Amino acid sequence: MIQDYLSLVKQRVKEDYAVAVIDNSDITKSVGRKPEAFSEIHDGTIGGIAQGCLTIEAVVLSGSGKMPVPVYEKVFPVAEEGVVSETYETVLPRVPF
């Protein structure tokens with residue numbers, strides 16, 4: 001299934017070059033009930049520590065350059081078992097190219 005999607009992405013990207021954008025971000029929740037996997041993270045919006053989780057998204061620009069095409073995204077609570085680090089998620093995504 002992922003291979004089918006990646007085949008579609010490859011059709012929309014120029015062969016000689018591609019512009020890829022990797023976005024590391026965070027989701028925090030300052031009020032209300034927090035999901036059990038939330039933990040302390042650095043919140044870029046407030047510049048301090050808050051309860052939340054990290055996100056990563058990768059997109060490439062389409063051949064026309066008008067619309068980014070998503071190729072990878074993940075929301076991962078730091079407290080989740082198996083999460084090594086934000087750097088590991090960024091450098092080694094689990095997408096088979």
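Since we're looking at a predicted model, the values are computed, not measured.
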Tell me whether L54 is reachable from I49 by hopping between hydrophobic residues (I, L, V, M, F, W, Y) whose side-chain heavy atoms are closer than 4.5 Å. no
What's in the same ILVMFWY side-chain cluster as I46, cut-off under 4.5 Å, chained through other members? none
Looking only at heavy atoms, what is the nearest atom pair of P70 and E57, with distance? CB-OE2, 4.3 Å
For V21, what are the other residues in its hydrophobic cluster, where any two members join if their side-chain heavy atoms are less than 4.5 angstrom apart? V59
Write down the atom of D43, the atom of T45, and the distance for their closest heavy-atom approach. OD1-N, 2.9 Å
Flag side-chain contact, heavy atom, 4.5 Å: D26 against T55: no
Write down the atom of F38, the atom of C53, and the distance for their closest heavy-atom approach. CE1-SG, 3.7 Å
So, taking the atom named NE2 in H42 and the one named OG1 in T28, what distance separates them when rounded to the nearest 0.5 Å? 11.0 Å
